A.B. asks: 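The structure under discussion is supplied below as structure tokens; questions concerning it will follow.
Remember, predicted model here, so these are calculated numbers, not experimental data.
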Amino acid sequence: MQAAFFGLKVFAADLRMSDILLRIDNSTTIAYVNKMGGTRSKKLNALAKRPSSTSSEAKSCGRDRVRQTFALKGMSKDSIDLMFASITKSSLRQYEGAWKRWFEFCDRKKIETTSINILEAQQFLAEQFNNGASAGTINSYRSALAFIFGEEVAHETSIKRLCKGASKLRPPQPKYDCTWDPKIVLNLFESWPQNKELSLENLTLKLATLLALTTGHRIQTLSLIDILNITKSDNGLTIKIPAPIKTSAVGRKQPALHLPFYVNEKICVARTLEHYMASTQELRVKETSLFLSFKKPHQAVNPQSISRWIKKTLNLSGINTEVFSAYSTRHAATSAAKRLGVSLDVIKSTAGWTENSRTFARFYDLPIAADKNEFAIAILNQ
């Protein structure tokens, strides 16, 4: 029982509203856990109830404390629900850590949580920076506070100045200073048999990687592809993405992925997608999400699974996956397009950046990784 408690405390401290399967080989412990207590042993009864109190303490952090704060301000439950509906799931996960630290800060300093003092906000952000938070994290914390206390917090002069100071002292750095040539992966696919001869696993790896390379989009976008939103023309396939993505905003168009029919069928993403849909048709039942697990029960997968598939493909291609993640396909594809003469406007619109975005120029326009031994070998080969 004690081991189960410590396991929950270490590995599940941040879980909320979740069911956890505990595999325990002691029937007495299982009975006490399932019934949340018992009558035969006072000690086991106390231990069985202990995780419940720990969970209650954990739930008092993060979004639940934000809800409590809104309620104390007089907001109705319906209003609070609408407030939370205004932010994406990814932002909510990002804010969760910031809120948890903010309320821990308030509890430690005995600060009233229904209003905010700018000096307290400054102190909180400075403390997080001194604890190692990056400039981007500090800006995320500022946004998390603004969700609770209003945009005036985010736009307050001293807060903006503090965030600017954080970016000067700890400037954001590109994840990569170089990238890899997509031709390396395409060569792998050309060495494979035709699509009809591939296993479902290899066909899945191939499609996921080709989609990432030929669209330049995030893996999140690929995970949202619905087969009902795929249309075919003489020139290729078009995939509409109506679901919200990271860059979705009011007045901004949702992405549409355009996949041309290419002369070399071994690396044609449109033909590969068609073959994949035909191969998975009998596995789908009523599932319309494009990507299914290639293992039973063949359910729809999340972005993390697609990332693992792409990373495995990169590894099979000989790309160093200790350096380059699945997300590096976005860097590799957009950088290659630039080298091949594709205009910046086309690159931005294809990969989902706005017309005025400087993201590509700052973080994605990278040279191909050079052989660090090239210089020495050239001298020695004279």
Side-chain angles (χ1 to χ4, degrees), residues 8-18 54-73 75 80 83-177 218 220 246-247 249 304 325 327 358-359 362-363:
L8 289 172
K9 191 172 181 180
V10 171
F11 298 111
D14 295 328
L15 290 182
R16 307 286 185 273
M17 305 298 290
S18 302
T54 303
S55 297
S56 299
E57 291 170 10
K59 286 182 182 179
S60 66
C61 296
R63 71 190 73 180
D64 299 303
R65 287 288 295 270
V66 175
R67 285 183 174 275
Q68 292 171 16
T69 300
F70 285 154
L72 289 172
K73 289 182 175 183
M75 291 179 63
I80 295 171
M83 287 281 289
F84 275 89
S86 70
I87 55 178
T88 63
K89 289 182 180 180
S90 58
S91 293
L92 190 58
R93 287 194 297 270
Q94 195 174 40
Y95 289 173
E96 179 71 32
W99 290 333
K100 183 177 180 180
R101 286 171 175 78
W102 166 248
F103 287 113
E104 287 174 349
F105 174 83
C106 291
D107 292 342
R108 192 171 71 250
K109 300 287 185 179
K110 302 190 184 308
I111 295 171
E112 172 60 47
T113 59
T114 55
S115 60
I116 192 169
N117 181 297
I118 293 300
L119 294 177
E120 293 164 351
Q122 292 172 356
Q123 186 180 358
F124 168 70
L125 295 175
E127 182 178 292
Q128 300 308 310
F129 181 79
N130 291 333
N131 287 338
S134 66
T137 301
I138 295 299
N139 272 307
S140 175
Y141 286 4
R142 177 178 69 164
S143 298
L145 293 180
F147 179 82
I148 306 174
F149 302 109
E151 288 298 318
E152 56 271 17
V153 175
H155 297 301
E156 202 278 332
T157 303
S158 63
I159 297 294
K160 290 173 67 177
R161 183 65 63 181
L162 186 150
C163 291
K164 186 174 182 179
S167 65
K168 291 282 188 181
L169 293 175
R170 204 170 288 157
Q173 298 294 328
K175 187 173 182 179
Y176 307 112
D177 58 6
R218 297 175 180 86
Q220 176 212 22
K246 181 178 180 180
T247 55
Q304 288 72 33
S325 68
Y327 190 73
R358 297 188 64 252
T359 302
R362 291 178 62 193
F363 301 108

A.B. asks: Is any side-chain heavy atom of L92 closer than 4.5 Å to one of W99?
C.D. replies: yes

A.B. asks: Going through the distances and angles, do R142 and N139 end up as a side chain to side chain contact (heavy atoms under 4.5 Å, CB included)?
C.D. replies: CA-CA 5 Å; R142 177 178 69 164; N139 272 307; 3.2 Å; yes

A.B. asks: Take E152 and H155, measure what side chain to side chain contact (heavy atoms under 4.5 Å, CB included) needs, and give me the verdict at the end.
C.D. replies: CA-CA 5 Å; E152 56 271 17; H155 297 301; over 6 Å; no

A.B. asks: Looking at every non-hydrogen atom in both residues, tell me the closest pair between S158 and I118 and how far apart they are.
C.D. replies: OG-CG2, 3.5 Å

A.B. asks: What distance do N117 atom CG and I111 atom CD1 have between them, rounded to the nearest 0.5 Å?
C.D. replies: 8.0 Å

A.B. asks: Can the ring centroids of Y141 and W102 be said to lie less than 6.0 angstrom from one another?
C.D. replies: no

A.B. asks: Establish, yes or no, whether a centroid distance under 6.0 Å links the rings of F147 and F84.
C.D. replies: yes

A.B. asks: As an exercise, state the distance from CD of E156 to CD1 of I116, rounded to the nearest 0.5 Å.
C.D. replies: 10.0 Å

A.B. asks: To the nearest 0.5 Å, what is the distance between CG (L125) and CZ (F105)?
C.D. replies: 9.0 Å

A.B. asks: Under 3.5 Å, which donor-acceptor pairs do the side chains of residues 128-135 form with other protein atoms, sequence neighbours left out?
C.D. replies:
from, atom 1, to, atom 2, distance (Å)
N130, ND2, A126, O, 3.2
N131, ND2, E127, O, 3.3
S134, OG, T137, N, 3.2
S134, OG, T137, OG1, 3.0

A.B. asks: Would I148 and F70 satisfy side chain to side chain contact (heavy atoms under 4.5 Å, CB included), going step by step from the backbone distance to the final call?
C.D. replies: CA-CA 8 Å; I148 306 174; F70 285 154; 4.2 Å; yes

A.B. asks: For a 4.5 angstrom cut-off between non-hydrogen side-chain atoms, does K109 reach F124?
C.D. replies: no

A.B. asks: Nearest 0.5 Å, please: how far is CD1 in I87 from CZ in R93?
C.D. replies: 11.0 Å

A.B. asks: Side chain of R161, backbone of T157: donor and acceptor closer than 3.5 Å?
C.D. replies: no

A.B. asks: Measure the shortest side-chain to side-chain distance between F149 and K73 over non-hydrogen atoms and say whether it is less than 4.5 angstrom.
C.D. replies: yes

A.B. asks: Between S140 and Y95, what is the shortest heavy-atom contact and its length?
C.D. replies: O-CE2, 4.0 Å

A.B. asks: Could you grab the distance from atom CD of Q68 to atom CD1 of I80, nearest 0.5 Å is fine?
C.D. replies: 10.0 Å

A.B. asks: Any salt bridge linking R63 with E96? Criterion: basic side-chain nitrogen under 4.0 Å from a carboxylate oxygen.
C.D. replies: yes

